[in-house]
Each structure stands twice: as C-alpha cells, then as structure tokens.
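Here's the structure, in structure tokens; my notes come after.
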There are 2 protein chains.
Amino acid sequence: MEVREALDILKDNGYKFTRKREMFLQLFARERRYLTARDVLEHLKPTFSGLSFDTIYRNLAVFTDLGILEETELDGEKRFRFSCATSGHHHHMICLECGKTSAIQACPMNEIQSDDFFITDHKFEIYGYCQECH
Amino acid sequence: MEVREALDILKDNGYKFTRKREMFLQLFARERRYLTARDVLEHLKPTFSGLSFDTIYRNLAVFTDLGILEETELDGEKRFRFSCATSGHHHHMICLECGKTSAIQACPMNEIQSDDFFITDHKFEIYGYCQECH
DNA sequence: GGTATTATAGGAATGATTACGATTTACCTT
DNA sequence: AAGGTAAATCGTAATCATTCCTATAATACC
C-alpha cells in the first residue's frame with residue numbers, strides 16, 4: 001500500500017481529503033509497523049498541536065474499513081499498520097518492542113476442518129523481538 | 001483439571017483456602033468454557049452479595065499463574081477457562097456467543113522457523129459459533 | 001463565492017481493569 | 001481452643017483505552 005493509493009481509495013469512497021489524513025498515512029507509510037492510537041498521537045502532536053483522540057480513532061476505523069490499514073489487538077490495545085504489500089491472506093510475526101513485523105504466508109487454516117463449529121474467523125500471530133530489539 | 005486438583009495446587013503454593021475460591025473453581029469446572037470477569041461476578045453474585053472485582057481479578061490472576069486457568073483476550077476483554085484435560089500444548093476453536101471451545105492439537109509453529117526474530121510466544125485461535133449457538 | 005456535508009477539537013462518558021486503605025479471615029503456633 | 005500474623009476481601013477511587021457528544025471549522029460540489 002502506498003499513500004497515493006490510499007488517498008485514491010478515500011476519495012473513491014466519498015471521504016474528504018484533509019492534511020491530517022495525509023499525515024496519518026505518511027506516518028504509517030514511513031513506519032511500516034504496528035502503532036497504537038497513542039503512538040500516532042505522539043508522532044503527530046508536534047505537527048498538529050490540538051489533535052484529538054476522537055480524530056485519531058475515527059480515522060483509524062475508516063482506514064481499517066477501507067482496507068488501508070490492518071488491525072490487531074495486543075496487550076489490551078488496538079494496533080494498526082499499513083496494509084502489507086503482501087496482498088492476499090497472510091499472518092504476522094510481531095516485535096513486542098517496536099511493532100515491526102515479518103509476514104508469514106503459510107496459514108494453518110488450510111489443514112483445519114470442523115464439523116461442530118461454524119467458523120467465521122481466526123487469528124494466528126507470532127510474538128517476539130526483532131533483530132534490533134533483541 | 002478438577003476442582004480437587006486445583007485446590008491442592010493452591011495449597012501447595014501457600015495460598016489460603018476460602019469458600020470464594022472454591023466457588024470460583026466449581027464455577028469453572030461446571031462451565032468448561034471461556035468466561036469474563038463480569039460473567040464470574042454475575043454467576044457468583046447470588047451466593048456472595050458483596051463480591052468485588054478486586055477479588056475476582058486477583059483470583060483469576062492467581063489461578064492463571066498456577067496453570068489452573070487458561071487465559072485469552074478477545075474483543076477487548078480477558079477471558080478465562082479451566083485448563084483443558086488436553087494436557088500439553090494446544091489451541092482452541094472458540095464460540096463467540098457462549099465461549100465454548102473445541103481443542104486443536106495441531107500447532108502451526110511446527111512448520112515455522114525464523115532467522116530474524118527471536119520468538120517468545122504465539123497465538124492461534126479459531127472463532128465461530130458452536131452447534132447450539134449457530 | 002455559497003452551501004451542504006463531513007471532519008475536528010475538547011471534553012465528558014463508558015467499560016474493563018488495577019490500586020489502595022481498612023477490615024476480615026485463614027492458618028499456624030502454643 | 002485462643003492469639004498472632006499474613007493473606008484475602010470489600011468498597012471505592014484511580015487508571016487506561018476507547019467511544020460519545022456538541023459546537024466549530026474545513027472540504028467539496030455547484
């Protein structure tokens with residue numbers, strides 16, 4: 001995912017262009033790792049002094065709905081990252097220190113079948129520390 | 001895991017026996033599914049009118065530390081269930097309606113290897129609805 | 001440029017969880 | 001069985017992430 005592409009998706013879906021949204025996307029494009037709402041606030045506070053959580057959460061939700069961001073929940077906090085170039089279904093190895101990820105193509109669901117459960121979703125994540133944080 | 005066994009573990013680790021702890025364990029033994037702290041409160045409120053969240057969370061943490069309960073986090077809430085008879089490493093299919101589970105023996109980590117991440121943990125869960133809730 | 005609609009700020013409300021001081025209880029010793 | 005000590009509990013306040021609300025501001029379309 002690129003900033004330009006994300007902005008086009010926003011426009012195509014009738015959302016307005018704002019400098020905040022552009023900066024949000026540039027932040028995610030630059031960082032390419034999982035960030036919390038607080039991370040976003042702290043990165044953008046210098047630029048937008050009055051930035052509110054409402055704005056951050058609302059935009060994170062919009063971006064996630066549009067497939068621009070991927071979301072996960074870890075340690076009681078939602079975390080977001082720019083959708084991987086790796087299009088298609090995949091999973092992540094996640095650094096617990098910095099949020100950096102490594103994509104995993106293999107999906108364990110390929111070998112799963114169930115008679116007694118109607119399956120709607122699944123989660124497979126590997127946690128640890130990346131080379132820099134280890 | 002059985003209530004008797006759990007109480008022995010408590011005793012062996014120097015924790016005191018209380019009727020609340022016994023009732024907590026009986027509740028989990030009876031339900032055999034994932035419960036939230038609120039679920040526990042509501043189930044035990046009739047018996048212990050003044051039961052506080054502090055007591056619930058503290059005991060859930062103790063039980064989890066001792067391996068009596070298994071813990072997961074779903075939808076922004078911690079959930080706990082009696083440790084499966086299925087001893088050894090396993091994963092779960094979880095009913096999003098009632099918390100009932102079905103154990104999965106296969107672990108996707110068997111086929112994973114990583115050079116650039118120091119792996120400490122992983123999570124694999126399948127979500128859906130059980131026969132009764134579907 | 002004018003107008004309708006969406007976005008945002010700021011702060012209040014919510015929901016889960018944790019922290020804390022005071023009181024009660026379990027368990028060990030005698 | 002009584003007493004002392006440490007742990008457990010209650011009741012409530014604090015915390016943290018997230019959502020909700022209302023007035024104001026900015027964007028996009030005509």
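Below, each value reflects all heavy atoms present in this structure, side chains not excepted, and no hydrogens, waters or symmetry copies. Throughout, protein chains are lettered first and strands after them, A, B, ... in sequence-line order, and every chain is numbered starting at 1.
The hydrophobic clustering, which links ILVMFWY residues whose side-chain heavy atoms are closer than 4.5 Å, places B:Leu60 and B:Tyr34 apart.
Nearest nucleotide to the side chain of A:Lys16, out of D:dA28, D:dA8, D:dT18: D:dA28.
Between A:Lys11 and the phosphate of D:dA28, there is no side-chain N or O to OP1/OP2 separation shorter than 4.0 Å. For A:Lys20 and D:dA26, the shortest distance from a side-chain N or O to OP1 or OP2 is not below 4.0 Å. OP1 or OP2 of C:dA9 lies within a sub-4.0 Å distance of a side-chain N or O belonging to A:Ser52. Remark: A:Tyr57 is not in phosphate contact with D:dT19, judged by side-chain N or O atoms under 4.0 Å from OP1 or OP2. Remark: A:Arg38 is in phosphate contact with D:dA17, judged by side-chain N or O atoms under 4.0 Å from OP1 or OP2.
Rounded to the nearest 0.5 angstrom, A:Thr120 OG1 and B:His134 NE2 are separated by 9.5 Å. Distance check, rounded to the nearest 0.5 Å: CG of B:Asp39 to CG of B:Leu27 gives 8.5 Å. The structure places OG1 of B:Thr36 at 9.0 Å from CG of B:Leu41, a figure rounded to the nearest 0.5 Å.
The separation between A:Ile56 atom CD1 and D:dA17 atom C1' is 12 Å, rounded to whole Å. Separating the NZ atom of A:Lys78 from the P atom of C:dA16 is a distance of 13 Å, rounded to the nearest angstrom. Nucleotide D:dC16 holds its P atom 18 Å from the CD atom of A:Glu73, rounded to whole Å. One interatomic measurement links the two molecules: CG of B:Leu74 to P of C:dT17, which rounds to 12 Å at whole-angstrom precision. Atom CE of A:Met23 and atom P of D:dA26 are 17 Å apart (whole Å). Note: CG (B:Asp12) to P (C:dC27) measures 13 Å, nearest angstrom. Between B:Arg58 atom CZ and C:dC20 atom P there is a gap of 14 Å when expressed in whole angstrom units. B:Glu77 places its CD atom 12 Å from the P atom of C:dT18, with the value rounded to the nearest Å.
Taking every heavy atom of both residues into account, B:Val3 and B:Leu25 meet most closely at CG2-O, 3.8 Å.
An end-to-end axis angle of 30° holds for the helix from C:dG1-D:dC30 to C:dT30-D:dA1, taken from five base pairs per end and rounded to 10°.
Between the side chains of A:Thr101 and A:Arg33, no donor-acceptor pair is found at a separation under 3.5 Å. Under 3.5 Å, the side chains of A:His91 and B:His122 contain no donor-acceptor pair of N or O atoms.
Heavy-atom contacts from other residues, nucleotides or ligands closer than 6.0 Å to NZ of B:Lys11 number 12 or fewer.
Positionally, the nearest nucleotide of DNA chain C for A:Arg21 lies more toward the 5' end than for the other of B:Ala37 and A:Arg21. Nearer the 5' end of DNA chain D, as judged by each residue's closest nucleotide, is the contact made by B:Gly14, out of B:Gly14 and B:Phe53.
Judged by atom type and distance alone, B:Asp54 reaches the base of C:dA19 through a side-chain donor-acceptor pair under 3.5 Å.
Here A:Thr18 lies in heavy-atom contact (under 4.0 Å) with sugar-phosphate atoms only.
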